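First the structure, in the form of structure tokens, and then the observations on it.
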Amino acid sequence: MIRLAETGFRGCSLPVLPPAPNPLPRSCQRCYSVGRQKGVLVSRELMVLLFRGGLFLLLLLRSVLAQAEPTVSEAWIRALPPTQPVTAAYAAVTNSGAELVKLVGARIEGVGRVEIHTTREVDGLMRMQQLQELAIAPGQTVALAPGGAHFMLFELEAMPRPGESRSLCLLFEGAGEQCVTATVRKSAEADHSHHQHH
């Protein structure tokens, strides 16, 4: 009890109020404080892990896109008379990656040797020239077609016949090989006319 006389007031006194009780026992207060600190640390560590995980996935996605394998489509082999010793094959190659791709060769079922050739005008005449590689830029599709770049097939076991199909595998520098099924027909228009007829 505090008397008002001691504080300059006379005639009454004020009760001394006890300190507000702590909602937690003293033995738990330290645990609670440490728990809060640990909770903050766990939250920070979790944020760091999530950030690192997101960064890793981003780098992984970038790496996958950069190393995306080229795709091969529209593959076909020209059927020539059985007496001819060589023939040609064609295809479309798409580079869906973020880096330059180099086509360096091919192999075909039943063919001893395959070379990459292109057709160029020399002294007013169209001549074939062998290529050691064919570069395909990111996002580009290169058509190996009659009148341009194509595959020359040597050392045939037998001339492919129309309606047959052969395995065609294209070899890429640093990207392995991609294999597709190539149909055999007499000309580029033969397959198109066949589909129109049906």
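Worth saying up front: this structure is predicted, and the values here are computed from it rather than measured.
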Residues in side-chain contact (heavy atoms from CB on, under 4.5 Å) with Gln84, at least two apart?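 Gln84: side-chain contact (heavy atoms from CB on, under 4.5 Å) contacts with Leu80, Pro81, Met159.
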
Partner set under side-chain contact (heavy atoms from CB on, under 4.5 Å) for Arg113, not counting sequence neighbours: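 Arg113: side-chain contact (heavy atoms from CB on, under 4.5 Å) contacts with Glu115, Phe154, Glu155.
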
Over all atoms of both residues, closest heavy-atom pair of [X] and [Y]:
{"X": "Ala89", "Y": "Ile77", "result": "CB-CG1, 4.0 Å"}
{"X": "Ala158", "Y": "Arg166", "result": "O-NH2, 4.1 Å"}
{"X": "Glu69", "Y": "Ser96", "result": "O-OG, 3.7 Å"}

Can you list the steps and then say if Arg107 with Cys179 is a side-chain contact (heavy atoms from CB on, under 4.5 Å)? CA-CA 9 Å; Arg107 59 184 182 87; Cys179 298; 4.3 Å; yes

Just by distance, do the side chain of Arg185 and the backbone of Pro162 share a donor-acceptor pair under 3.5 Å?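 Checking the backbone N and O of Pro162 against the side chain of Arg185, no donor-acceptor pair under 3.5 Å is found.
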
Polar side-chain atom of Thr87 near backbone of Ala79 as donor-acceptor pair, under 3.5 Å: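 Flag not set: sc Thr87 to bb Ala79 has no pair under 3.5 Å.
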
Look up atom CE in Met128 and atom OG1 in Thr119, then write down how far apart they are to the nearest 0.5 Å.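 Between Met128 CE and Thr119 OG1, I get 6.5 Å after rounding to 0.5 Å.
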
Would you say that Asn95 contacts Gln140 through its side chain, given a criterion of any heavy-atom pair below 4.5 Å between the two side chains?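 No; the side chains remain at least 4.5 Å from each other.
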
Does any pair with a residue in residues 84-117 pass ring pair (Phe, Tyr, Trp, His ring centres under 6.0 Å), and if so which ones, sequence neighbours excluded?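 The answer is Trp76-Tyr90.
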
With sequence neighbours excluded, give me every ring pair (Phe, Tyr, Trp, His ring centres under 6.0 Å) pair touching residues 156-176.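 Not a single pair qualifies under ring pair (Phe, Tyr, Trp, His ring centres under 6.0 Å).
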
Residue pairs involving residues 117-142 (criterion salt bridge (Lys or Arg N to Asp or Glu O under 4.0 Å); sequence neighbours excluded):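 For residues 117-142, and leaving out neighbouring residues, the salt bridge (Lys or Arg N to Asp or Glu O under 4.0 Å) pairs sorted by first residue read Lys102-Glu133.
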
Through direct or indirect side-chain contacts below 4.5 angstrom among Ile, Leu, Val, Met, Phe, Trp and Tyr, which residues connect to Val104?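 Joined to Val104, directly or through intermediates: Leu171.
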
Is there a path of hydrophobic side-chain contacts, each under 4.5 Å between heavy atoms of I/L/V/M/F/W/Y residues, joining Phe151 to Leu131?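 Looking at the clustering, Phe151 is in the same group as Leu131.
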
Within the supplied structure, the quantity of interest is the number of heavy atoms (other residues, nucleotides, ligands) at a distance under 6.0 Å from Gln178 CD; does it exceed 12?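 Yes, because the 6.0 Å sphere around CD of Gln178 holds more than 12 heavy atoms from other groups.
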
